[in-house]
Amino acid sequence: MTPITEVEGRKLALSNLGKVLYPATGFTKGEVLHYYATVADPLLAHLRDRPLSFLRYPDGPDGQVFFAKNVPPGTPEWVGTTEVPRSEGAARMVLIQNLASLMWAANLVTEFHTPQWRADTPHLADRLVFDLDPGAPATIVECCRVALWLRDRLAADGLRAYAKTSGSKGLHLLAALEPTPSSEVTSYAKSLAMEAEAELAPLVTHRMTRSLRPRKVFVDFSQNAARKTTATPYTLRARQAPTVSTPVTWPEVTSCAHPTDLTFHAPDLAARLREHGDLLSPLFDPAQAHQLP
């Protein structure tokens, strides 16, 4: 029988708790739910008021993996939703605003992906993002070199960058902005990606073409587009092991010598949060938000 639990006064049916979702380590669905309860406070801060895109993997990474943006069938009426404008017509998407809705979503077995704008100001970004994606044999080690260059280049324009692992192969950089049209943020980010390619050749490419990416770090600026999303800080990823998109310090980025130096799994996060708190919390400080140059 599916166990029923109560979270913040809401009844949730939590299914298949013993099911192994991460075959490399035997990490189960019950452990996934426990992980999300552990990191709920910082994760909710990054999810709140941002329409959620689900990347679902209900049978683990070797099963069907699929994106879902619209409100899923059977969503409880107490889960928040919002209407999001799209070129093909408005859509209704989920908002994860509290622990009960977080645990409901986690029970679906999903990665959490969110845009750089909030539901009340669609297409006005309050964050800038770079997704640094290494093409083999390049790794996150090479991403760190590019990240340090971008950090300093952003600082020259008055923007303070923060870093997190993607939870997959690469690294994400984020900076707080005063609300700015997503199209302008994308143009600015593209210009910096092109500068990075010129300054760090042959290590960097700003173009998505697959044939150009082996041995290079792809500086993906396109996730600043209003229609795009990025893996939310603290989300688990659909990998063989329960890797997490984890905020990291700049000294950790500077000293990274091997991919395992910046590989974090779900059981690692409780201790990191005790030691560091949420390293991305400055993104919520209005004093950190600046205009683009």
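Listed for the Thr110 side chain is no donor-acceptor partner under 3.5 Å among the backbone atoms of Ala106. Formation of a donor-acceptor pair under 3.5 Å by the Gln116 side chain with backbone atoms of Leu128 is not found in this model. Side chain of Glu111 to backbone of Ala238: a donor-acceptor contact under 3.5 angstrom is found. No donor-acceptor pair closer than 3.5 Å links the side chain of Thr75 to the backbone N or O of Val71. A donor-acceptor pair is defined here as one N or O able to donate and one able to accept, closer than 3.5 Å; no such pair exists between the side chain of Thr246 and the backbone of Phe264. With hydrogens and angles ignored, the 3.5 Å screen pairs a side-chain donor or acceptor of Ser281 with a backbone N or O of Asp278. With hydrogens and angles ignored, the 3.5 Å screen pairs a side-chain donor or acceptor of Thr180 with a backbone N or O of Glu178. Remark: the backbone N or O of Ser15 is paired with a side-chain donor or acceptor of Lys29 at under 3.5 angstrom. Remark: side-chain polar atoms of Arg56 are not paired, donor with acceptor, to backbone N or O of Val65 under 3.5 angstrom. Here the side chain of Thr165 pairs a donor or acceptor atom with the backbone of Val244 at under 3.5 angstrom.
Side-chain contact between Leu12 and Asn107 is absent, with no heavy-atom pair separated by less than 4.5 Å.
Relative to the six-membered ring of Trp117, Arg50 misses at least one condition, a distance below 6.0 Å or an angle of at most 45° to the axis.
Centroid-to-centroid, the aromatic rings of Tyr36 and Phe112 come within less than 6.0 Å. Residues Phe27 and His265 place their aromatic rings such that the two centres sit no closer than 6.0 Å. The distance between the ring centers of Phe218 and His206 does not fall below 6.0 angstrom.
Other residues, nucleotides and ligands contribute at most 12 non-hydrogen atoms within 6.0 Å of the CZ atom of Arg215.
Phe284 and His46 have tilted rings, their planes meeting at an angle from 30° to 60° on a 0 to 90° scale.
With rounding to the nearest 0.5 angstrom, the CE atom of Met103 is 6.5 Å from the CG atom of Leu14.
Think of Tyr162 as one node in a network of Ile, Leu, Val, Met, Phe, Trp and Tyr side chains linked at under 4.5 Å; its network also takes in Val129, Leu174, Leu280, Leu283.
Nearest heavy-atom pair, Lys228 versus Ser222, reported as atom, atom and distance to 0.1 Å: NZ-OG, 3.1 Å.
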